[in-house]
Amino acid sequence: MADRYRSFTGTAPGRFLTRRLGLPQPAALERRALSGGLLHLTAGPSGLDLAPVLARTGLGPDDAGRPAAVVLDATGVRDVDTLAEVHAALHPVVRSVATSGRVVVLGAPLDPTDHHQAAVQQALEGFTRSLGKEIGRGRTVNLVRVTDADVLAAESTLRFLLSPASAYVSGQVIEVGAADVPVTAPDDQDLPLAGRTALVTGAARGIGAAVAETLAGRGARVVVLDVPGAEEEARGLAECLGGSALALDITAAGAGERIAAALPGGLDVLVHNAGITRDRRLVNMPADRWSSVLDVNLASVLRTTDALLAAGAVNRGGRIVATASIAGLAGNAGQTNYSASKAGIVGLVRSLAPRARAEHGVTVNAVAPGFIETKMTAAVPLLIREAGRRMNSLAQGGLPVDVAETTAWLAHPASGAVNGQVVRVCGQSLLGA
Ligand code: NAD
């Protein structure tokens, strides 16, 4: 559904009127290529050798004084005095960051033996989130906590955050852990998923279809799973992508076993995207509306994940990406069932991630979309829909491709050090953390 308000603010009278009224000014987000160079700054003493990693982002150094991306290495900030270097580094340049530009702050894990270090490293979180809220013009600000001195572990994350693929990801804190599973650099940067099989549930339309298209575009052989009623669409998409379709209700008994049987070579990427809403306030919610949402959005994810891992059907180096929602983080009136199911996904990811990596060599992460323009959100009443679109730092809804690109980063063979993360794709929604 077209965002008429954003189109209106792009016209001269629209800009004039909405500015006079103090209304939001959503910038057109750049999803193809960032224009400008990269500025690398440091606050405090840093032990990271970032230069080779940044050189591979494809962004040259900024020599025009108008950077498309700024990376501030604040991993060495250990006290309030050196925290002032964060202000000193960014204060003079923040105004000049290009429209749709990127600011990435690198932080260190909080040191449990040094409360001064922990205080100022936590301070970076408040700093980053506030800058994301004030920077405007489609620019994003994110914090990456690098828990391993081997910065190569963070390379895929930096490449994502410093690219147009992360257009709708802002105000996030992402932890990149120790690379205790091999951080494999793919042979082909354009087709990092070549030779891998990806299964996407609920992929006949909406976000799932975009995920399937994006993963296929990165070289994966994609299996488009959807309910038997959507088989025609699933088959059509699978044919376009050179993949296959699997008509299966994910809540059916033995669904995990059927997937394993359909994929004798196993799976490398499993995207739990299928989801439904059956909104009602709790006082008016019959048990069937509760159970159908919990079954599709959470119980089936638990069951199929367990069955596939137990069967050894997720190959080592594999990636599981589940779909949460900001409703699961913030809560939403009329959505006790949906929010419970999506919060459940967060719990699942946090608990399973370390064990899945240790026992199966598989990472488990979640995307948490905010307001994404799909059939699901087109059905939302007009005023609530408008509020959903504007109540974020980018003042607009995201597109299915924004969730798909985030999934592709988490599914990347070089993202082995990203595990147990819940990454919001919400333009830094005002709802929730
Ligand atoms: P959508 O309704 O457009 O598509 C969902 C797909 O899942 C459909 O093709 C549907 O047939 C399929 N599906 C439903 N039940 C299934 C089942 N039992 N077995 C197999 N397939 C099933 O939804 P969407 O907007 O593309 O959302 C995709 C995911 O993203 C969902 O998990 C949703 O909760 C989540 N999400 C969406 C938004 C948003 O703004 N659109 C926001 C937050 C989270």
Side-chain angles (χ1 to χ4, degrees), residues 1-10 14 17-19 21-29 129 132-133 136 138 167-172 202 205-210 273-286 288-290 292-294 296-298 323-346 366-404 406 422-433:
M1 174 157 298
D3 184 344
R4 294 210 179 89
Y5 176 81
R6 192 170 69 70
S7 310
F8 180 58
T9 57
L17 188 68
T18 51
R19 279 211 177 124
L21 293 171
L23 293 171
Q25 305 289 316
L29 301 185
R129 293 196 206 276
K133 288 186 176 178
Y168 202 60
V169 176
S170 193
Q172 298 306 290
R205 68 176 206 195
I207 294 172
N273 163 81
I276 59 168
T277 51
R278 296 286 182 273
D279 297 354
R280 281 279 166 87
R281 286 179 182 265
L282 185 62
V283 283
N284 299 322
M285 187 181 295
D288 64 326
R289 278 179 107 88
W290 172 272
S292 56
V293 168
L294 267 294
V296 176
N297 296 4
L298 181 60
T323 307
S325 163
I326 56 166
L329 305 175
N332 203 14
Q335 291 199 313
T336 51
N337 51 357
Y338 183 76
S339 302
S341 71
K342 294 301 189 179
I345 291 292
V346 176
V367 289
F371 185 98
I372 305 293
E373 306 279 358
T374 63
K375 282 192 176 158
M376 193 186 252
T377 47
V380 172
L382 178 72
L383 283 180
I384 300 175
R385 189 166 69 229
E386 259 315 288
R389 276 185 176 136
R390 304 303 154 218
M391 281 170 56
N392 59 73
S393 297
L394 299 171
Q396 60 197 287
L399 301 181
V401 71
D402 297 321
V403 183
T406 307
V422 178
V423 181
R424 296 165 47 137
V425 187
C426 65
Q428 197 179 20
S429 171
L430 298 180
L431 303 177

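The structure displayed is predicted, hence computed values, not measured ones.
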Open item on the list: Treating Asn297 as the side-chain partner and Ile276 as the backbone partner, does any N or O pair qualify as donor plus acceptor under 3.5 Å?
Closed with: yes
Task: Minimum-distance pair of heavy atoms, taken over all atoms of Arg280 and Arg289 - done: CG-NE, 3.4 Å
Open item on the list: With a 3.5 Å distance limit and no angle check, can you tell me whether Arg281 reaches the backbone of Gly334 through a side-chain donor-acceptor pair?
Closed with: no
TODO: Look only at the side chain of Tyr5 and the backbone of Pro24, and say whether a donor-acceptor pair between them is shorter than 3.5 Å.
DONE: yes
TODO: Give a yes or no on whether the backbone of Gly171 and the side-chain of Arg129 come within a donor-acceptor separation of less than 3.5 Å.
DONE: yes
Task: Distance in Å, Phe8 CZ paired with Thr18 OG1, rounded so as to fall on 0.5 Å steps - done: 6.5 Å
TODO: Look up atom OG1 in Thr336 and atom CG in Leu294, then write down how far apart they are to the nearest 0.5 Å.
DONE: 9.0 Å
Open item on the list: Which heavy atom of Thr277 sits nearest to which heavy atom of Val293, and what is that distance?
Closed with: C-CG2, 4.1 Å
- [ ] Would you confirm whether Thr9, through its side chain, and Gly14, through its main-chain N or O, come within 3.5 Å as a donor-acceptor pair?
- [x] no
Open item on the list: Using every non-hydrogen atom in the two residues, find where Ala327 and Ser339 come nearest and quote the distance to one decimal.
Closed with: O-OG, 3.1 Å
Task: Least distance between heavy atoms, Ala340 atom then Trp290 atom - done: CB-CH2, 4.0 Å
Open item on the list: One thing to verify: whether Asp3 and Arg385 come together as a salt bridge, which I'm taking to mean a side-chain N less than 4.0 angstrom from a carboxylate O.
Closed with: no
- [ ] Provide the closest heavy-atom pair for Ser393 versus Gln428 in the form atom of the first, atom of the second, distance.
- [x] OG-OE1, 2.7 Å
Open item on the list: For Gln396, is there any backbone N or O sitting under 3.5 Å from a side-chain donor or acceptor partner on Asn392?
Closed with: yes
- [ ] Find the distance between CD1 (Ile384) and CZ (Arg389) and round it off to the nearest 0.5 Å.
- [x] 13.0 Å
Task: CZ on Phe371 to CD1 on Ile326, rounded to 0.5 Å - done: 10.0 Å
Task: Interatomic spacing from CZ in Arg6 to CG in Leu29 - rounded to 0.5 Å - done: 7.0 Å
TODO: Measure the spacing between CG of Asp288 and CG of Asn337 and express it to the nearest 0.5 Å.
DONE: 10.5 Å
